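Report on one structure; see the data block that follows.
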Amino acid sequence: MLLIPFIRANKTEVIARLAIKNFHNTELIDQVLQLDDLRKNLQQELDELLAEANSIAKQIGLLFKEGKTEAAAVLKARNSQIKEKTKELNQKLAETKDQLNEKLVEIPNLPHESVPPGKQASDNITVHEEGIIPKLPENAVPHWDLISKYDLIDFELGNKVTGAGFPFYKGKGARLQRALINFFLDEAIKAGYQEVQPPLMVNEASAFGTGQLPDKEGQMYTIGADKLYMIPTAEVPVTNIFRDVILQEKELPVKTTAYSSCFRREAGSWGKHVRGLNRLHQFDKVEIVEVVHPETSYQTLEAMKAHVAGLLQKLELPFRILRLCGGDMSFTSALTFDFEVYSAAQEMWLEVSSVSNFESFQANRMKLRFKDNNGQINLAHTLNGSALALPRIVAALLENNQTDDGINIPKALQPYTGFERID
RNA sequence: GGAGAGAUGGCAGAGUGGUUGAAUGCGGCGGUCUCGAAAACCGUUGUUCGCUUUAUAGUGAACCGGGGGUUCGAAUCCCCCUCUCUCCGCCA
């Protein structure tokens with residue numbers, strides 16, 4: 001969430017920049033500022049009363065020691081009255097804080113100045129494109145046909161055991177998955193990220209910390225009996241490692257990578273865009289997360305992009321990078337680049353990674369700070385990116401590398417798969 | 001799941017109603033000493049919110065797992081919740 005003093009000092013700019021994200025609720029901004037004023041007034045009033053009560057209580061203590069019980073009784077009565085007032089004020093203050101927070105949390109992050117305006121995916125800007133789109137054989141087919149031809153993934157079985165969108169990976173299909181996970185993790189470790197294996201469920205506070213709550217409750221699977229949420233991405237448990245943490249400046253940057261299964265309800269999507277591996281309820285992903293000094297977060301964003309691009313180059317996949325427009329960006333992001341690979345048989349670009357700088361938005365929500373060398377406490381910046389999401393990578397690998405009698409595995413991956421071809 | 005014990009500052013650990021934001025030790029930071037370092041010694045050491053002609057300053061308030069209560073006054077008494085540990089049961 002945004003800092004109130006910042007909103008107050010830059011109200012016009014805040015409104016203008018939120019408009020890029022198609023957020024036009026200026027009333028909400030005003031309400032936040034008004035509630036904050038009220039909060040301050042109540043705080044002041046309450047503090048004064050409490051100060052008086054404290055001093056009287058001390059006097060009573062002294063009077064008792066001197067045996068002046070009558071004088072003490074007078075003060076006691078006075079303090080009882082003050083106490084009634086503080087109770088009232090306290091309640092008002094708590095209510096005001098709740099209301100303020102409720103509103104504040106509804107204001108999205110400000111987009112970076114380089115974010116183009118726009119309403120939907122078609123307004124995104126392609127900033128980079130590389131790799132060769134392969135010429136497929138005459139009888140080339142989409143990955144779902146290849147998957148059944150070589151018996152790599154069983155959707156029907158997943159359907160039986162769990163439901164649509166929860167496939168079984170089998171044989172070389174399963175081994176390809178495992179190879180990709182190890183490849184991605186090893187590359188991340190080489191780039192200086194520390195590996196963690198996070199829990200696959202998180203509590204409410206964590207889901208709030210990274211911004212899934214209160215907004216996107218519907219996106220997550222919930223474990224109602226235990227008030228837990230299945231993670232939609234490893235970003236959630238990994239970033240929340242740092243919730244309520246004050247780091248030392250010299251500890252920055254903190255670079256973390258994690259492999260996890262991800263669970264997304266994604267209700268209401270049908271058609272060929274969700275066919276095969278294009279969209280699943282459970283999928284695997286390797287995520288990279290960084291906590292950095294505010295001054296270096298945009299350099300870090302570039303480094304993360306380079307890392308993701310390197311992975312796709314090694315996998316020999318044609319890809320492009322998009323600068324997301326205001327309307328297509330997430331609530332929490334300040335600047336996001338999407339990576340899409342070309343899936344040659346579907347003749348479609350598939351999103352395989354999203355790399356974002358959240359600046360201090362998440363950090364403010366989860367109170368992730370660092371103490372600088374002058375002893376000052378500041379909010380850190382957080383970033384994350386997929387490096388990479390598996391299913392669509394698998395789809396593109398299968399389609400782009402198909403031949404009449406098999407599928408070739410890219411060289412970089414062969415040490416991990418232990419085989420060079422699927423046939 | 002059953003029984004018991006506990007939750008205090010970065011860590012360890014005192015504190016059972018009245019200048020206790022909290023002894024002491026360790027760690028951290030600054031200094032003295034030293035060519036330098038170690039040792040020793042001295043000093044310092046949390047977070048949040050408010051106010052003060054925004055001040056690496058002053059001042060008020062809050063915080064001893066979380067929430068509520070008793071009291072003029074609570075880390076200290078009472079209630080609820082959460083978590084941790086030990087033993088038993090179960091289990092990979």
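Since this is a predicted model, take the numbers as computed values, not measurements. Proteins get letters first, then strands, A, B, ... in listed order; numbering begins at 1 in each.
Here A:I393 contributes atom CD1 and A:L398 contributes atom CG; the two are 11.0 Å apart, rounded to the nearest 0.5 Å. Going from atom CG of A:N357 over to atom CG of A:N384 covers 9.5 Å, rounded to the nearest 0.5 Å. With rounding to the nearest 0.5 Å, the separation of CG in A:L252 from CD in A:Q248 is 9.5 Å.
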Collect all protein-nucleotide pairs involving nucleotides 69-72 of chain B in which both atoms are nitrogen or oxygen and the distance is under 3.5 Å.
{"residue": "B:C72", "atom": "O2'", "partner": "A:N79", "partner atom": "ND2", "Å": "2.3"}

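Remark: aromatic rings of A:F358 and A:H381 are distant, center separation not under 6.0 Å.
Here the side chain of A:K40 is nearest to one of B:U47, B:G50, B:A62, namely B:G50. When the nucleotides B:C49, B:A62, B:G60 are ranked by their closest atom to the side chain of A:D47, B:G60 comes out on top.
Across all strands shown, B:U82 forms a Watson-Crick or G-U wobble pair with B:A7, both key distances being under 3.5 Å. Pairing for B:U24 goes to B:A12, judged as Watson-Crick or G-U wobble with the two contacts each under 3.5 Å. Remark: B:G73 base-pairs with no nucleotide; criterion is Watson-Crick or G-U wobble with both hydrogen-bond distances under 3.5 Å. The partner of B:A55 cannot be assigned: no Watson-Crick or G-U wobble pair with both contacts below 3.5 Å exists in any strand. Summarising the base pairing, B:G17 is matched to no nucleotide, lacking a Watson-Crick or G-U wobble pair whose two defining distances lie under 3.5 Å. Nucleotide B:C91 has no partner under the Watson-Crick or G-U criteria, as no pair reaches both atom distances under 3.5 Å. When both distances must be under 3.5 Å, the Watson-Crick or G-U wobble mate of B:C35 does not exist. Pairing partner, B:G30: B:C42, with both Watson-Crick or wobble hydrogen-bond distances short of 3.5 Å.
Within the structure, every side-chain polar atom (N or O) of A:N41 is placed at least 4.0 Å from both OP1 and OP2 of B:G50. Under 4.0 angstrom from either OP1 or OP2 of B:U48 there lies at least one side-chain N or O belonging to A:R369. Regarding contacts with the backbone of B:G50, a side-chain N or O of A:R39 is found under 4.0 angstrom from either OP1 or OP2. Taking side-chain N and O atoms only, A:N54 has a distance below 4.0 Å to OP1 or OP2 of B:A62.
B:U20 and B:G46 have their C1' atoms separated by 15 Å, given to the nearest Å. On the P atoms, B:G43 is 15 Å away from B:A23, given to the nearest whole Å. Remark: the separation of the P atoms in B:G6 and B:C79 is 14 Å, to the nearest Å. As rounded to the nearest Å, B:C64 and B:G4 have C1' atoms that lie 24 Å from one another. Here the separation of B:U84 from B:C29, taken at their P atoms, is 33 Å to the nearest Å. Nucleotides B:G66 and B:G50 place their C1' atoms 24 Å apart, quoted to the nearest Å. Look at the P atom in both B:G25 and B:C78: the space between them is 32 Å, to the nearest Å. Separating the C1' atom of B:C83 from that of B:U8 is a span of 16 Å, rounded to the nearest Å.
The CG atom of A:L379 sits 14 Å away from the C1' atom of B:U47 (whole-angstrom rounding). As rounded to whole Å, 16 Å separates atom C1' of B:C49 from atom CG of A:D98. Summarising the geometry, the separation between CG on A:L49 and P on B:C51 is reported as 16 Å, rounded to the nearest angstrom. Taking atom CG of A:L63 as the reference point, atom C1' of B:U19 lies 15 Å away to the nearest angstrom. The distance from atom CG of A:N90 to atom C1' of B:C63 is 13 Å, rounded to the nearest whole Å. Computed from coordinates, the A:I377 CD1 to B:G10 P distance equals 11 Å when rounded to whole Å. For the pair A:L247 CG and B:G28 P, the computed distance is 19 Å after rounding to whole Å. If you take CD of A:Q376 and C1' of B:G46, they are 15 Å apart, rounded to a whole angstrom.
With A:F337 as the aromatic partner, A:R323 does not meet the cation-pi criteria of under 6.0 angstrom to the ring centre and within 45 degrees of the ring axis. A cation-pi arrangement is present between A:K172 and A:F419 under the rule of less than 6.0 angstrom and at most 45 degrees off the ring axis.
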- Message: If you apply the rule side chain to side chain contact (heavy atoms under 4.5 Å, CB included), what do you find for A:L350 with A:Q346, and how did you get there?
- Response: CA-CA 10 Å; A:L350 300 178; A:Q346 293 188 78; 3.9 Å; yes
- Task: May I have the step-by-step check of side chain to side chain contact (heavy atoms under 4.5 Å, CB included) for A:L228 and A:V202, ending in yes or no?
- Result: CA-CA 6 Å; A:L228 295 174; A:V202 293; over 6 Å; no
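The aromatic rings of A:Y221 and A:F263 sit perpendicular to each other, their planes meeting at more than 60°, with 30° as the lower class boundary. Aromatic ring orientation, A:F370 versus A:H293: tilted (interplanar angle from 30° to 60°).
Among the atoms of the strands shown, only primed sugar atoms or phosphate atoms (P, OP1, OP2) are found under 4.0 Å from some heavy atom of A:K371.
Both A:E48 and A:G375 lie near RNA chain B, and the one whose nearest nucleotide falls closer to the 5' end is A:G375. Nearest-nucleotide assignment on RNA chain B puts the 5′-proximal partner with A:D36, out of A:D36 and A:A51.
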